[in-house]
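Sequential numbering from 1 along the given sequence is applied to the chain's residues. Source: prediction; values computed, not measured.
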Amino acid sequence: MLKNAIEAISAESEAEIKKENAQIILKTRALLQHTIGNQQFKQVIKIDIIDNGCGIPENLLKDIFYPTISGKNSSGLGLSIAQSLVQIHQGIIEVESAISQTTFSIYLPVNNV
């Protein structure tokens, strides 16, 4: 997912930002009593990956987690694999995108052993 963010801030398009203003921000935090799907967890780790690249076209946004859906010249498997790995751990990935800001949020429950 970081690789996607790096590619987004490096992409050449009409909405391209100046390279010196390119940013990727990682935010992490713990959430208490958070619900994922229909299950509530005592503690969840939230990881946000935010970039100020060109954004994801709205017509692709709802389908980006399907295999082979990509807005670039790649296989389109990266987000599908990331989603599968997160789901194996009972987590979820959410995305919000507009020109100059895309945020992928990963929610992973913490299992107290």
Side-chain angles (χ1 to χ4, degrees):
M1 294 181 77
L2 275 173
K3 183 178 180 267
N4 286 351
I6 291 166
E7 289 172 359
I9 63 172
S10 302
E12 292 195 22
S13 71
E14 291 178 25
E16 183 179 10
I17 56 170
K18 293 183 179 179
K19 302 280 188 225
E20 63 268 12
N21 294 327
Q23 286 187 357
I24 296 174
I25 299 169
L26 299 177
K27 291 183 181 179
T28 60
R29 62 195 156 287
L31 305 173
L32 302 177
Q33 301 300 323
H34 189 79
T35 302
I36 298 175
N38 60 0
Q39 188 172 356
Q40 185 169 13
F41 296 93
K42 289 182 180 181
Q43 189 174 30
V44 170
I45 299 299
K46 182 180 180 188
I47 305 163
D48 288 330
I49 302 168
I50 306 162
D51 70 67
N52 64 344
C54 57
I56 300 168
E58 192 172 331
N59 63 326
L60 291 180
L61 202 54
K62 65 180 176 59
D63 296 325
I64 60 171
F65 292 105
Y66 290 116
T68 69
I69 300 295
S70 176
K72 51 190 176 169
N73 295 326
S74 70
S75 66
L77 293 175
L79 289 176
S80 177
I81 292 169
Q83 183 183 47
S84 294
L85 292 171
V86 168
Q87 287 176 341
I88 287 170
H89 296 283
Q90 298 179 298
I92 191 169
I93 301 175
E94 295 178 346
V95 62
E96 294 179 12
S97 185
I99 293 175
S100 79
Q101 183 164 321
T102 298
T103 303
F104 281 90
S105 298
I106 303 168
Y107 297 84
L108 291 168
V110 175
N111 296 325
N112 297 331
V113 180

Evaluate Ile106 against Met1 for side-chain contact (heavy atoms from CB on, under 4.5 Å), listing each step before the verdict. CA-CA 10 Å; Ile106 303 168; Met1 294 181 77; 3.6 Å; yes
Should Asp48 and Ser105 be marked as a side-chain hydrogen bond (donor to acceptor under 3.5 Å, both in side chains) after you check the CA-CA gap, both sets of side-chain angles, and the distance that decides it? CA-CA 4 Å; Asp48 288 330; Ser105 298; 2.5 Å; yes
Can you list the steps and then say if Ile47 with Ile45 is a side-chain contact (heavy atoms from CB on, under 4.5 Å)? CA-CA 7 Å; Ile47 305 163; Ile45 299 299; 4.1 Å; yes
Test log, rule side-chain contact (heavy atoms from CB on, under 4.5 Å), inputs Glu94 and Tyr107: CA-CA 8 Å; Glu94 295 178 346; Tyr107 297 84; 3.5 Å; yes
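Atom CD of residue Gln101 and atom OG1 of residue Thr103 lie 4.5 Å apart, to the nearest 0.5 angstrom. Summarising the geometry, atom CG belonging to Asn111 is positioned 11.0 Å from atom NZ belonging to Lys42; distances are rounded to the nearest 0.5 Å. Residue Ile49 holds its CD1 atom at 11.0 Å from OG1 of Thr28, rounded to the nearest 0.5 Å. A distance of 10.5 Å separates CG in Leu32 from CD in Gln40, rounded to the nearest 0.5 Å. Going from atom NZ of Lys46 over to atom NE2 of His34 covers 7.5 Å, rounded to the nearest 0.5 Å.
Annotation: side chain of Phe41 is not in contact with side chain of Gln33 (no heavy-atom distance under 4.5 Å). Residues Pro57 and Leu60 meet the side-chain proximity criterion, which asks for heavy atoms closer than 4.5 Å.
Counting side-chain heavy-atom gaps under 4.5 Å among Ile, Leu, Val, Met, Phe, Trp and Tyr, the cluster of Ile25 also holds Ile50.
Nearest heavy atom pair, residue Thr102 against residue Ser97, reads OG1-OG, 2.8 Å. Scanning both residues, Pro109 and Ile36, for their nearest heavy atoms gives CD-CD1, 4.0 Å. When all heavy atoms of Ile92 and Val86 are compared, the closest pair comes out as N-CG1, 3.3 Å. Closest non-hydrogen pair, Ile9 versus Gly53, comes out as CG2-N, 3.9 Å.
Within 6.0 Å of CD in Glu58 there are 12 or fewer heavy atoms belonging to other residues, nucleotides or ligands.
In this structure, a donor-acceptor pair under 3.5 Å is absent between the side chains of Ser100 and Asn52.
By the rule that hydrophobic residues join a cluster once side-chain heavy atoms approach within less than 4.5 Å of another member, Leu79 and Leu108 end up as members of one cluster. If you chain together hydrophobic residues whose side chains sit under 4.5 Å apart, Ile93 and Val44 never meet in one group. In the hydrophobic clustering of this structure, Leu26 does not group with Leu31; members are Ile, Leu, Val, Met, Phe, Trp, Tyr whose side-chain heavy atoms approach within less than 4.5 Å, directly or through other members.
Using bins of under 30°, 30° to 60° and over 60° for the plane-to-plane angle, the ring pair Phe104/Phe65 lands in the perpendicular bin.
No donor-acceptor distance shorter than 3.5 angstrom exists from the side chain of Ser80 to the backbone of Tyr66, with no hydrogens or angles considered.
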